[in-house]
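Here the structure is laid out as structure tokens; the discussion comes afterwards.
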Amino acid sequence: MTKKKDTRLKSLSQGRPKIVQTPLSISRKATRTLIRAHHTLEKQRATAIAKGDEAKAAALAKQIESQGGIKAYQKASLIGQSKDRGGDSSKILLEWLEPIVPALRDQAENHAIKMLEVGALSTSNACSKSGLFAIERIDLNSQSPEIKEQDFMERPLPDNDQDQFDIISLSLVLNFVPDAPGRGKMLLRTLEFLSHRKQPEDLSNFLPSLFLVLPAPCVTNSRYMDEPKMEAIMESLGYVLVRKKISNKLVYYLWKLESSVIKKITFKKEELRSGKDRNNFCIVLK
């Protein structure tokens with residue numbers, strides 16, 4: 001009997017083609033178009049890989065390359081974060097943490113609050129400039145010497161509290177994971193990297209926490225995801241919602257890790273809303 005080939009994505013990096021050079025500038029309209037097209041092609045490629053259709057996956061990878069690859073996507077994302085585009089989601093996080101800034105400053109002098117920024121594109125965002133955090137930045141394809149090239153899903157698990165963090169930032173990262181079970185695994189993995197040490201009283205209402213940012217349609221216009229389901233998934237992992245903001249384009253969450261006990265609840269891909277104009281964003285937990 002012929003052994004069936006394992007076609008599952010082994011890591012986030014497997015879902016991305018190689019980097020190629022891109023033009024130096026890009027318009028606002030072209031930025032939106034490129035980001036949407038890149039996400040669509042990546043999802044199609046992930047589906048082809050999962051089905052074992054190597055020819056189609058290779059053709060899609062070539063198409064992604066022809067449009068500039070991951071480097072073009074990152075460039076578009078950086079432009080989207082510029083001031084004139086209303087970007088930099090970390091400004092929202094800082095606004096939410098405003099009540100505890102004095103305590104954060106006190107901590108910065110001795111034991112700075114540690115942050116892991118997954119999918120980091122810049123070293124000059126609001127959190128970086130604040131001086132309040134000891135930040136470690138990682139991305140699949142680093143654009144700076146200060147950003148470690150690393151796949152979060154392959155990052156070695158912490159040996160002790162020194163390797164853990166008080167805040168993890170997943171800003172426009174979870175939606176890039178090409179399949180629903182992979183997104184569930186990413187959320188589960190955050191639990192391994194958040195510190196369980198006792199926080200100072202002034203910080204205990206906010207830390208340890210996960211800062212999660214998604215395109216708003218992921219929860220406002222998905223067939224398989226809505227606000228109640230998102231909250232149910234996060235609560236099953238031990239998170240409680242501290243802050244939330246929904247704009248026309250993005251949804252921002254700050255989830256505090258309240259419990260180390262994971263509720264054994266399965267979340268499947270189940271239709272919650274019908275309609276031909278819905279997207280298929282979903283998170284599966286097994």
Side-chain angles (χ1 to χ4, degrees), residues 9-13 15 89-90 92-93 96-97 113-121 125 127 133-140 147-148 150-199 203-215 218-219 225 227 229-244 250-267 281-286:
L9 291 174
K10 302 297 191 301
S11 67
L12 295 181
S13 58
S89 61
S90 75
I92 303 298
L93 176 58
W96 286 344
L97 297 179
I113 295 302
K114 295 172 63 179
M115 178 187 296
L116 176 63
E117 187 177 354
V118 182
L121 295 174
N125 60 18
C127 282
F133 313 100
I135 304 177
E136 182 171 347
R137 307 172 185 88
I138 64 173
D139 187 60
L140 291 175
I147 300 173
K148 184 176 183 178
Q150 185 180 65
D151 185 338
F152 176 63
M153 300 305 291
E154 295 182 354
R155 182 183 175 91
L157 294 176
D159 290 325
N160 50 55
D161 186 69
Q162 298 301 312
D163 298 328
Q164 293 178 316
F165 298 85
D166 303 293
I167 302 174
I168 295 177
S169 172
L170 292 181
S171 179
L172 299 178
V173 171
L174 191 67
N175 55 294
F176 197 85
V177 179
D179 58 75
R183 295 179 196 122
K185 290 177 182 177
M186 176 172 276
L187 290 176
L188 273 168
R189 196 171 179 81
T190 63
L191 305 180
E192 301 282 355
F193 288 92
L194 280 173
S195 173
H196 294 279
R197 70 182 178 88
K198 183 176 176 57
Q199 296 287 344
L203 305 178
S204 61
N205 289 331
F206 288 87
L207 305 178
S209 58
L210 170 66
F211 180 56
L212 178 64
V213 183
L214 293 167
C218 288
V219 291
M225 179 63 62
E227 283 292 323
K229 186 169 183 179
M230 174 64 76
E231 292 189 19
I233 289 172
M234 299 303 289
E235 288 173 3
S236 77
L237 298 176
Y239 285 107
V240 295
L241 184 60
V242 177
R243 295 286 188 275
K244 178 177 72 175
L250 300 173
V251 56
Y252 308 81
Y253 300 100
L254 185 63
W255 302 95
K256 180 181 180 294
L257 185 59
E258 189 74 29
S259 172
S260 58
V261 178
I262 300 175
K263 299 177 183 177
K264 295 187 181 298
I265 303 175
T266 298
F267 291 90
F281 181 83
C282 182
I283 298 172
V284 169
L285 275 181
K286 299 179 180 179

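For Arg197 against Asp166, the heavy-atom pair with the smallest separation is NH2-OD1, 3.2 Å. Considering all non-hydrogen atoms of both residues, Val251 and Pro215 come closest at CG1-O, 4.2 Å. Summarising the geometry of Ser259 relative to Val261, their closest heavy-atom pair is OG-N, 3.0 Å, with the distance given to 0.1 Å. In this structure, Leu285 and Ser236 approach most closely via the heavy-atom pair CD1-OG, 3.9 Å. When all heavy atoms of Asp161 and Ser195 are compared, the closest pair comes out as OD1-OG, 2.6 Å. Of all heavy-atom pairs between Gln164 and Leu194, the closest is NE2-O, 3.5 Å.
At least one side-chain heavy atom of Met225 sits less than 4.5 Å from a side-chain heavy atom of Ile233. Annotation: side chain of Leu250 is not in contact with side chain of Ile92 (no heavy-atom distance under 4.5 Å). Met153 places none of its side-chain heavy atoms less than 4.5 Å from the side chain of Val177. Within the 4.5 Å cutoff, the side chain of Val118 has no heavy atoms near those of the Arg155 side chain. For the pair Trp255 and Thr190, the minimum side-chain heavy-atom distance is 4.5 Å or more. Between Ile167 and Leu254, the closest side-chain pair of non-hydrogen atoms is not below 4.5 Å. No side-chain heavy atom of Leu241 sits under 4.5 Å from any side-chain heavy atom of Glu235. Looking at heavy atoms from C-beta onward, Ile135 lies in side-chain contact with Cys127 at the 4.5 angstrom threshold.
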> Please walk me through it: do Leu210 and Leu257 pass side-chain contact (heavy atoms from CB on, under 4.5 Å)?
Replying inline: CA-CA 8 Å; Leu210 170 66; Leu257 185 59; over 6 Å; no
> Can Tyr252 and Leu93 be said to form a side-chain contact (heavy atoms from CB on, under 4.5 Å), step by step?
Replying inline: CA-CA 9 Å; Tyr252 308 81; Leu93 176 58; over 6 Å; no
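Under the 6.0 Å distance and 45° angle rule, Lys244 does not count as a cation-pi partner of Tyr253.
Leu116 contributes atom CG, which lies 6.0 Å from atom CD of Glu136 (distance to the nearest 0.5 angstrom). Rounded to the nearest 0.5 Å, atoms CG (Asn205) and CD (Glu258) are 8.5 Å apart. Between the NZ atom of Lys114 and the CG atom of Asp163 there is a distance of 6.5 Å, given to the nearest 0.5 Å. Atom CG of residue Leu170 and atom CZ of residue Phe211 lie 10.0 Å apart, to the nearest 0.5 angstrom. To the nearest 0.5 angstrom, Arg183 atom CZ is 7.5 Å from Asn175 atom CG. In this structure, CZ in Phe206 is found 12.5 Å from CD in Gln199, a value given to the nearest 0.5 Å.
Proximity of the aromatic rings of Phe193 and Phe152 is defined here by a centroid distance below 6.0 angstrom, and this criterion is met.
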